[in-house]
Amino acid sequence: MRRYGKNPDEDDIRVRPNRKGNRPRTNIRPKHEDAAEGMVLTVDRGRLTCLVEDRVVLAMKARELGRKAAVVGDQVWLVGDLSGKKDTLARIVRIAERTSVLRRTADDDDPYERVVVANADQLAIVTALADPEPRPRLIDRCLVAAYDAGLKPLLVLTKSDLAPPDKLLEAYGALDFPYVVTSRDEFVNGHAADRVRELLDGHVTAFVGHSGVGKTTLVNALVPEDRRRSTGHVNAVTGRGRHTTTSALALPLTDAEGWVIDTPGVRSFGLHHVDPSRVINAFPDLVPGTANCPRACSHDEKDCALDAWVEEGHADPARLYSLRRLLATRERRDGD
């Protein structure tokens, strides 16, 4: 049915009023040329705490950003009240392109990616040598995520007064990345923080680890003026630590250049977002052995050249086992 005549003019056209006001809708977004640059320090229920120059500013995301979310470590531009005073709220209007994104999924069956941090260049994997027992396959998973995101890995072993680090270090010796071993006494006298700080200087480092390994305690030692209110302990029944960090938090290093980003303790590190063909990149000591593999080799099949490579003594058999265990887990053929 033709609502208007055959040749309608402008007077014939009805214009539906905007129920929310008289301003016409437009796809043109404001440029916000006066916006100030800042860094996201933490996110809590839609409110983002940002550092703008030397002020801590509470902000929200502008509607014009759509579904694009800012995460800890993001460089952003803000407008509005940037004084940082109580009960003020700024608005994030732009998010800079990220140099790196560390992601994880809840498990290997979960397609939903969770961005852990943005713009970090180093991943500190914190593992206790005892209480709770170390989980090498969790370390491997964190390594895969680090290499996939382009982050330099750093292994931090805690509680060496309870168990020696030799066996664990031997398993990762061929990977040729830095590590530091600490004890509980060193946490007390500050030596642990001093040695770790040297490896963090000049970097933006995200800390990940199982609950109860001493991750937040170490961050507190590195940034004493920003101490967390509490640290956790290990459950004597389950052997698992209680979560003491509920959201990621970026903190500037004390007596050094750089940032540390403390993240909540993880019980698993899903790799659904990582293509299985890239998992081998987390095992650079095995990569040369894949030169003679069949085309599209999964590195977990009968004709894989890695078996002969390892038998000839070029790599530790435990590393090949770890790779294949990880591949099996990633492909949902085995448990972790």
Side-chain angles (χ1 to χ4, degrees), residues 29-84 88-106 112-125 142 145-154 200-208 215-216 219 222-223 226 228 245-253 256-266 269-270 273-274:
R29 302 303 184 193
K31 294 182 179 180
H32 296 298
E33 295 176 349
D34 59 339
E37 188 174 358
M39 175 182 175
V40 178
L41 302 181
T42 191
V43 181
D44 182 19
R45 291 171 291 185
R47 294 293 186 263
L48 300 94
T49 303
C50 304
L51 182 66
V52 180
E53 295 179 350
D54 58 348
R55 303 182 302 281
V56 175
V57 175
L58 188 65
M60 63 180 295
K61 185 189 73 170
R63 182 180 298 177
E64 61 211 55
L65 290 178
R67 301 186 65 177
K68 186 175 183 181
V71 301
V72 173
D74 265 326
Q75 296 295 320
V76 296
W77 279 267
L78 306 94
V79 298
D81 193 331
L82 305 179
S83 66
T88 59
L89 189 64
R91 189 158 50 102
I92 294 174
V93 293
R94 290 200 306 274
I95 303 173
E97 184 177 353
R98 295 163 176 166
T99 59
S100 69
V101 180
L102 178 67
R103 299 180 174 91
R104 78 177 184 94
T105 56
Y112 179 71
E113 295 180 13
R114 294 159 175 81
V115 177
V116 182
V117 297
N119 299 321
D121 64 306
Q122 185 168 241
L123 182 66
I125 306 167
C142 292
Y147 284 118
D148 188 64
L151 273 60
K152 174 184 175 183
L154 166 66
L200 306 183
D201 192 10
H203 295 282
V204 177
T205 306
F207 278 65
V208 298
K215 176 174 54 64
T216 298
V219 171
L222 291 166
V223 194
D226 288 289
R228 296 298 179 95
T245 304
T246 57
S247 60
L249 174 65
L251 300 165
L253 274 171
E257 295 292 329
W259 289 80
V260 294
I261 302 178
D262 191 14
T263 66
V266 296
F269 208 106
H273 61 291
V274 178

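Because the structure is a prediction, the values reported are computed rather than measured.
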Legend entry - Taking every non-hydrogen atom, the tightest pair across Leu82 and Ala90: CD2-CB, 3.6 Å

Inset, instruction - Work out which heavy atom in Ala248 is nearest to a heavy atom in Pro264; give both atom names and the distance. - result: N-CD, 3.9 Å

Inset, instruction - Could you walk me through whether Leu222 and Phe207 pass side-chain contact (heavy atoms from CB on, under 4.5 Å), step by step? - result: CA-CA 12 Å; Leu222 291 166; Phe207 278 65; 3.9 Å; yes

Inset, instruction - Show the numbers, then the answer: is there a side-chain contact (heavy atoms from CB on, under 4.5 Å) between Val72 and Trp259? - result: CA-CA 11 Å; Val72 173; Trp259 289 80; over 6 Å; no

Legend entry - Residues Val117, Thr263; criterion side-chain contact (heavy atoms from CB on, under 4.5 Å); working and verdict: CA-CA 9 Å; Val117 297; Thr263 66; 4.2 Å; yes

Legend entry - Point-to-point distance, once rounded to the nearest 0.5 Å, from CZ of Arg103 to CZ of Arg114: 13.5 Å

Inset, instruction - Nearest 0.5 Å please: distance from the CZ atom of Arg98 over to the CG atom of Asn119. - result: 7.5 Å

Inset, instruction - Measure the spacing between CG of Leu41 and CD1 of Ile261 and express it to the nearest 0.5 Å. - result: 9.5 Å

Inset, instruction - Of all the heavy-atom pairs spanning Ser247 and Thr42, show the shortest one and how long it is. - result: OG-OG1, 3.5 Å

Legend entry - CD-OG1 distance between Gln75 and Thr99, expressed to the nearest 0.5 angstrom: 9.0 Å

Inset, instruction - Working to the nearest 0.5 Å, report the span between CG of Leu200 and CG of Leu154. - result: 6.5 Å

Inset, instruction - Using side chain to side chain contact (heavy atoms under 4.5 Å, CB included) as the criterion, point out the one residue from Thr205, Leu123, Val204 that pairs with Leu151. - result: Leu123

Inset, instruction - State the OG1-CE distance between Thr49 and Met39, to the nearest 0.5 angstrom. - result: 12.5 Å

Legend entry - Sidechain-backbone polar pair: Lys61 side chain, Gly66 backbone, donor-acceptor under 3.5 Å: yes

Inset, instruction - Quick one: do Leu251 and Asp262 satisfy side-chain contact (heavy atoms from CB on, under 4.5 Å)? Show the steps, please. - result: CA-CA 8 Å; Leu251 300 165; Asp262 191 14; 5.6 Å; no

Legend entry - Nearest heavy-atom neighbours spanning Val52 and Ala36: CG1-CB, 4.0 Å

Legend entry - side chain to side chain contact (heavy atoms under 4.5 Å, CB included) partner of Leu58, the single match among Asp44, Leu89, Asp81, Leu48: Leu89

Inset, instruction - Find out whether His273 and Asp148 are in side-chain contact, i.e. whether some heavy atom of one side chain is under 4.5 Å from a heavy atom of the other. - result: yes

Inset, instruction - Heavy atoms only: give me the nearest Glu113-Thr105 pair and the separation to one decimal. - result: CA-CG2, 4.0 Å

Legend entry - Shortest non-hydrogen contact between Ala118 and Val71, atoms and distance: CB-CG2, 3.7 Å

